[in-house]
Amino acid sequence: MSTRANPAVVDALTRVVFRPEEEEPRQRPLDFALFARLFQYARPYRKWQTWLIVLTVLRSVQLPLLGWLLGAVISGPIARGDWAGTIWGAVGFLALAAFTQITFHYRYLLALKFGEAIVHDIRREIFQHLMRLPLGFYHRTKVGRIISRVTSDVDAMRVGVQDALFVLIVGVGQMIGAAALMFWADVALASVVMAMAPILWMINRYFHRRFSRVTRNLQESWSRVTATMAESVTGIRVTQGFVRQDVNAGIFRRLIADHSRHNFEMARTGGLLAPLLELNNQFFIASLLLLGGYRVLNPEIHMPLGEMIQFFFLANIFFQPIQGLGNLYNSCLLAMAGAERVFRLLDTPPEWSDPRDARPAPPLRGRIEFDHVTFAYEPGRPVLHDISFVVEPGQTVALVGHTGSGKSSIVNLIAKFYLPTAGRVLLDDLDIRQLTTDSLHRQLGIVPQQNFLFYGTVMENIRIGRPDATDAEIIEAARQLDCLDLIEALPQGFDTPVGERGASLSLGQRQLICFLRALIANPRILILDEATSSVDTLTETRLQRALAKLLHGRTSVVVAHRLSTIRHADLVLVLESGRIVERGNHETLFARGGVYAELYRQFTRATTVASVR
């Protein structure tokens, strides 16, 4: 049944995207411990940070002085009709203004440089941390959420680093400087200005609480958008193959509509706060006009008009940063939301790691032993139950069973992608827990079920198995594998671009490259996980002859649905529901007439039907 444009299907799938477990835990809106941790990344750039603070403080002093100097020229030389004094006052004002702009220019450039350096270090640390996390993390986490951490969340943190502290210093310093000059000029008028501070504080406090909630919702909605986008692009073949374009488009429309709603709510909140602040500013300016006018017109006080004008310049400089500081608070909330997410990712500990006393694996002979191994991807739900077997060096063990029987889980444990929940996995009588993972992987050759290729050429993807391999060695490996002619038949031979994830090659061609990538590493243990499932029968026959030669002397673990690929295995393990139900070689198991024999008969019937068609 088609799901095209079915509102019920779109509703159901959208609820899955919004499921509660996808939400991020909420924290306090402004956590200064997060800010302190963020600025720990500034330690290598303390010289830049010191100069930034100097320039910032200097600029915070310059701005009130500009207002004071402008008012002083008006109330002094201009009021007295002194042309020479007016000219020199204008020259002095221009000189101070030019110096102020030069200070701003270098402060701005240095802030950008400072922020970019810290963002660079954070992104590098995130990537290094991601490379250390085991496979279990990636099975639980959407790719789009990871991308969102490295992109939008880190960009939000950039604002907190390069703007928050320094804009705050400029704004607060400007207000303090203006306030000091106002009190020096006229205490009564300055007191009126100061009286507005509690009112502004209460307005800001109310709206910033709303901003905190809206900002966090905005970040969460954007994370859902990026996650769904990444999933849809990655699975485009499945989407088009099952005519799911309209369903995915419907889900995405609702996600971006939700994101737009949060954006609009944030804009509406900001749009209400700005006029209120502006209205308060105008109200207090009107109050200053009344009080200042009274002091100028009252013959007992007789405040000079020039001094009143000077005071208004200072009052304007005092009020000027308020709106900017309000916007800065919003930026800080975005930075905090991003920092919470990024640091939560960086604080995610690996499910396991090599112990401190782990040692590099010695040259392996290739003996594999499972000693009463039980394994669960999730606590309390084991997928392998009390598995025990031994593979001697140079032997081939074949894992057979229906989908979900535990074959790939055994392979994952041998490759130390996971650790057993109970029991031991031994290589050459050494517990893999006590061997460093990298040194172990260097002696393994793996052809995974999902034949992933990196963007680049065929030659570059093969060389991943051994970066120092020469072109001649790679060509010789292809000749031994009996696939040299197949690769040379590609448009540019070994220099043919494979495209993203190998999209420009067929499944069979990608698997051949994965074979070569594993074999060029000259591994002691070779793992083939459904390695010939996408190779046609003729190519598979050629590979079987080559593999028989190349696997000689190496321990190999073969997982395959095609039972023809494991007839010559020294040991066949038949799995059902995570347990070994039969073991032996092909002849013995087939003669026994049990589970393996039935699997083989099913395979034979399927092969016969396929050949007739």
Which heavy atom of [X] sits nearest to which heavy atom of [Y], and what is that distance?
{"X": "W48", "Y": "L110", "value": "O-CD2, 3.6 Å"}
{"X": "A469", "Y": "R463", "value": "O-NE, 2.8 Å"}
{"X": "S439", "Y": "P360", "value": "OG-CA, 3.4 Å"}
{"X": "L69", "Y": "L96", "value": "CD2-CD2, 4.3 Å"}
{"X": "H441", "Y": "K416", "value": "NE2-O, 4.2 Å"}
{"X": "Y45", "Y": "F114", "value": "O-CE1, 3.9 Å"}

Heavy-atom side-chain contact between [X] and [Y] under 4.5 Å:
{"X": "F99", "Y": "Q62", "value": "yes"}
{"X": "F318", "Y": "P64", "value": "no"}
{"X": "R158", "Y": "I118", "value": "no"}
{"X": "L346", "Y": "R37", "value": "yes"}
{"X": "L63", "Y": "R59", "value": "yes"}
{"X": "H129", "Y": "L133", "value": "yes"}
{"X": "T100", "Y": "L65", "value": "no"}

In Å and rounded to the nearest 0.5 Å, what is the [atom1] to [atom2] distance from [X] to [Y]?
{"X": "T56", "Y": "W51", "atom1": "OG1", "atom2": "CH2", "answer": "12.5 Å"}
{"X": "L314", "Y": "L181", "atom1": "CG", "atom2": "CG", "answer": "5.5 Å"}
{"X": "I126", "Y": "R149", "atom1": "CD1", "atom2": "CZ", "answer": "9.5 Å"}
{"X": "I513", "Y": "N461", "atom1": "CD1", "atom2": "CG", "answer": "6.5 Å"}
{"X": "T437", "Y": "R132", "atom1": "OG1", "atom2": "CZ", "answer": "12.5 Å"}
{"X": "Q492", "Y": "M459", "atom1": "CD", "atom2": "CE", "answer": "12.5 Å"}

Exercise. Going by atom types alone, do D354 and T436 pair a side-chain donor with an acceptor below 3.5 Å?
Worked result: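 Side-chain D/A pair, D354 to T436: absent.
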For this session: Let me see the working for R123 and D155 under side chain to side chain contact (heavy atoms under 4.5 Å, CB included), right down to the final yes or no.
Result: CA-CA 10 Å; R123 282 185 170 138; D155 279 334; 3.0 Å; yes
Problem set entry | I146 vs F137, side chain to side chain contact (heavy atoms under 4.5 Å, CB included): CA-CA, chis, key distance, verdict | CA-CA 11 Å; I146 298 174; F137 170 81; 3.8 Å; yes
Problem set entry | side chain to side chain contact (heavy atoms under 4.5 Å, CB included) between F494 and T457, intermediate numbers included | CA-CA 7 Å; F494 283 90; T457 65; over 6 Å; no
Exercise. Are D121 and R43 ion-paired here, with the side-chain N under 4.0 Å from a carboxylate O?
Worked result: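 R43 and D121: not salt-bridged.
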For this session: Could you tell me whether D153 and R344 have a side-chain N and a carboxylate O separated by less than 4.0 Å?
Result: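 No, this pair does not count.
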For this session: Show the numbers, then the answer: is there a side chain to side chain contact (heavy atoms under 4.5 Å, CB included) between R517 and L453?
Result: CA-CA 10 Å; R517 183 169 64 191; L453 298 181; 3.9 Å; yes
Exercise. Taking the six-membered ring for Trp, are the ring centroids of Y41 and H120 within less than 6.0 Å of each other?
Worked result: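 Ring centroids of Y41 and H120 are no less than 6.0 Å from each other.
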